[in-house]
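Order of the sequence lines sets the chain letters (A, B, ...), proteins ahead of strands, with each chain counted from 1. Bear in mind the structure is a predicted one, so any value in this text is a computation, not a measurement.
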Protein chains: 2
Amino acid sequence: MSPDSVSGVTQPPPRRPRKRSATRSVTLSDVAASAGVSAQTVSRVVRDPRSVPDGTRARVEAAIAATGYVPNLAASNLASNRSRTVAALVPQISSSVFADTVHSFSTALAAHGYQIFVGTTDYRPEHEEDVLRSFLGRRPDGLLMVGTSHTSGTLALLAAAGVPVVETWGWSDDPVDLLVGFSNAAAAAAMVAHLVGRGRRRITFAGRHTSGDPRAAERLDGYTTAVRDLLGGAPRTVDAGPEPVAMDTGVTLLDLALERYPDSDAVMFSSDVFAAGALQACVRRGTDVPGTLALAGFGDFELARHLVPALTTVAVPSARIGELAAELLLTRMRGAPVERPHRDVGYEVVARESS
Amino acid sequence: MSPDSVSGVTQPPPRRPRKRSATRSVTLSDVAASAGVSAQTVSRVVRDPRSVPDGTRARVEAAIAATGYVPNLAASNLASNRSRTVAALVPQISSSVFADTVHSFSTALAAHGYQIFVGTTDYRPEHEEDVLRSFLGRRPDGLLMVGTSHTSGTLALLAAAGVPVVETWGWSDDPVDLLVGFSNAAAAAAMVAHLVGRGRRRITFAGRHTSGDPRAAERLDGYTTAVRDLLGGAPRTVDAGPEPVAMDTGVTLLDLALERYPDSDAVMFSSDVFAAGALQACVRRGTDVPGTLALAGFGDFELARHLVPALTTVAVPSARIGELAAELLLTRMRGAPVERPHRDVGYEVVARESS
DNA sequence: AGCGTGAATGTTAGCGCTACCGATAGCGCT
DNA sequence: AGCGCTATCGGTAGCGCTAACATTCACGCT
């Protein structure tokens with residue numbers, strides 16, 4: 001034993017500096033050194049250029065350009081406890097009604113310096129919770145969600161996170177926070193009323209309502225109520241189960257509907273994608289639309305008005321939802337009180353040739 | 001004046017701890033305290049559960065559940081210098097051929113613990129640089145880009161970032177790094193050959209090639225070459241300029257084509273979206289397709305085979321591109337050597353009723 | 001008993017940035 | 001001159017996490 005350890009007073013070993021896999025990239029202080037100012041000043045130039053006088057700002061900006069500095073947002077987020085980031089959770093992004101919402105939402109927020117990251121749940125609510133959890137790891141300053149019905153786990157996460165939330169594309173008497181949407185049930189009921197007005201009496205609803213699309217289920221509810229009130233008959237419904245939201249599935253749904261309810265004089269679908277598939281199948285088979293069978297969709301995709309015959313559908317102000325959602329969320333993130341935090345944007349039955 | 005300041009030896013003021021707007025959220029050490037272990041052990045459980053024995057792991061996991069802990073990824077990124085994040089830059093996501101690529105790419109990478117964030121350039125290459133810059137702020141571990149032609153600013157950013165990159169949906173003799181794609185020119189030439197084989201002699205190309213869609217421009221090149229080689233005539237082209245990639249624009253393009261080249265016996269479009277709009281317009285107007293006019297698209301969207309008449313188009317293995325891109329990128333991110341870093345996935349002319 | 005070994009866990013020092021505060025200089029006023 | 005004010009800039013201490021190392025302990029061996 002060495003005398004040292006016997007003495008009971010061990011000298012701390014001479015510390016060599018820790019090895020860290022250093023980032024090869026340029027940091028704030030590199031820029032600061034190059035510009036001859038402090039890191040703090042560079043930070044100010046990056047975040048709020050007007051807070052620094054012209055001369056200094058020019059020198060710092062030159063140094064940034066010369067060094068090729070790209071700020072590390074992870075460090076910024078950590079230090080400032082703000083991520084300047086907003087997360088959007090949608091069921092599906094491609095070929096979907098939500099594309100316009102996300103696009104306008106993201107454009108509106110980008111103008112205020114926010115980046116949006118989008119997650120898709122593939123129409124599986126149980127998936128929503130996982131996606132949400134991994135998104136919350138990035139500590140978004142705000143959150144957009146499609147739909148108003150969530151699992152209890154999702155609600156717990158939202159509550160714990162304490163982040164401003166906008167729900168969209170639905171309606172609820174008890175929203176989590178902000179709400180920009182409309183009643184899917186009322187929209188579907190309006191479509192039933194339209195079809196009844198056109199003389200249809202045996203209307204079948206075809207959708208994907210049992211497998212995790214709560215909005216389709218709400219539309220089914222509206223359909224059921226309307227059929228009972230207006231026609232007095234039993235509802236006629238067919239369900240696609242877990243099939244994807246695609247035109248192929250629309251054909252399948254059409255076949256199911258005609259097999260189970262051969263006397264149907266109208267089929268309304270829970271999405272334009274389904275209706276478009278069914279409509280083209282009818283054209284190919286020579287089924288007279290709307291003579292023999294009326295068809296209707298939901299969403300008013302661009303496709304709907306181009307098809308021949310043009311597709312009757314329910315138009316929803318998809319882009320407007322995104323804009324409004326961004327507006328309300330910005331107000332809330334600013335900490336200001338939000339006027340009328342629940343906005344009904346409505347819907348409109350667009351009667352075209354297929355009904 | 002106090003004696004202190006007169007004495008010239010000012011005591012350092014007693015430092016009260018800095019006030020920081022404390023995060024209200026649960027941190028690693030909260031969990032550690034609750035589980036009776038160190039923060040490091042909790043970190044290990046979160047990142048690599050197998051590195052901790054069952055008993056400890058169970059206790060820590062219980063503590064995580066009890067506290068509702070959600071890891072702060074910004075802190076993790078900063079400390080580990082890895083973001084477990086991959087960025088994808090695409091021209092457009094909704095109603096586009098890239099949707100399948102992004103989807104399969106993201107699925108393949110998610111299986112390895114990576115999150116994908118997607119940015120869209122709206123078909124504006126000058127926008128690409130801005131989007132890239134803001135993405136690099138998040139220090140992605142890898143990058144997917146659509147296309148092989150980039151601005152010099154983009155190339156400089158990529159070089160400085162030193163991040164693995166996969167380019168897709170194109171072909172180049174001098175790629176930035178990895179490449180999974182095919183020759184747009186060859187694909188367009190093959191379509192010309194198909195149309196010529198069907199007896200067409202006055203083929204017009206309609207696209208959006210002057211306004212920032214390099215892939216459309218490449219297709220135009222292939223078309224021009226093929227027309228010269230096979231037909232000997234002058235190329236006939238019409239351009240949509242900055243119009244959006246939408247069915248409406250397809251109708252506009254059709255009208256332009258028929259106005260400028262009234263004797264056209266075939267029109268090939270740079271996208272299925274354009275072709276679908278044009279095709280439905282023909283159906284509505286009673287133009288015989290393919291009798292009077294053959295139409296062809298590009299991309300083989302689901303829509304193409306459902307339309308009546310079904311649309312002739314070029315099928316590209318969009319999902320396969322995403323998968324392969326993920327595979328190569330994973331290998332590179334692992335630091336392993338990549339076999340055959342440039343993969344040609346090919347294309348296929350799908351002859352249907354419209355030609 | 002003493003030692004080497006390896007598994008399990010703890011300790012320490014940052015990662016790059018910003019909040020917070022303090023220091024200084026310049027200005028207009030009494 | 002002295003005062004108070006504002007504009008400008010710098011110093012310091014973390015934000016929550018993990019890499020790198022250190023320590024502890026049980027175990028099998030000589």
* Heavy atoms, side chains only, cut-off 4.5 Å: are L109(B) and L330(B) in contact? -> yes

* Structure fact -> Atom OH of Y69(B) and atom C1' of dG16(D) are separated, to the nearest Å, by 7 Å

* On the 0 to 90° scale, with breaks at 30° and 60°, tag the W169(B)-F98(B) ring pair as parallel, tilted or perpendicular. => perpendicular

* Look at the side-chain N and O atoms of S80(B) and state whether any lies under 4.0 Å from the OP1 or OP2 oxygen of dC17(D). => no

* Asked: Can you check the R84(A) CZ to dT18(C) P distance for me, whole Å?
  -> 11 Å

* Spacing between L136(A) atom CG and dG16(D) atom P, to the nearest angstrom -> 16 Å

* Asked: Separation of L28(A) atom CG from dC15(D) atom C1', in whole Å?
  -> 15 Å

* Asked: If only atom types and distance count, is the side chain of S34(B) paired as donor or acceptor with the main-chain N or O of D30(B) below 3.5 Å?
  -> no

* To do: Using atom CG of L73(B) as one end and atom C1' of dT18(D) as the other, report the distance to the nearest whole Å.
  => 13 Å

* For the pair made of CG in N81(B) and P in dC17(C), what is the distance, rounded to whole Å? -> 12 Å

* Would you say L178(B) and V165(B) make side-chain contact, with heavy atoms under 4.5 Å? -> no

* Structure fact -> Of P53(A) and S29(B), the one whose closest nucleotide on DNA chain D sits nearer the 5' end is P53(A)

* **Contact residues, residues 38-51 of chain A to DNA chain D [heavy atom, < 4.0 Å]** => S38(A), Q40(A), T41(A), R44(A)

* Asked: With a 4.0 Å cut-off, would you call E129(B) and R133(B) a salt bridge?
  -> yes

* Asked: Is dT30(C) paired to anything, Watson-Crick or G-U wobble with both distances less than 3.5 Å, and if yes, which nucleotide?
  -> dA1(D)

* Non-hydrogen side-chain atoms of P164(B) and D177(B) separated by less than 4.5 Å -> yes

* Pairwise 5' ranking along DNA chain C for A75(A) and T56(B), keeping only the more 5' one -> T56(B)

* Asked: With side chains defined as the heavy atoms from C-beta onward, is the minimum distance between E128(A) and R124(A) less than 4.5 Å?
  -> no

* Whole Å only: how far is the CG atom of L78(B) from the C1' atom of dA19(D)? -> 13 Å

* Starting from P on dG16(C), measure out to CZ on R82(B) and report it in whole angstrom. => 16 Å

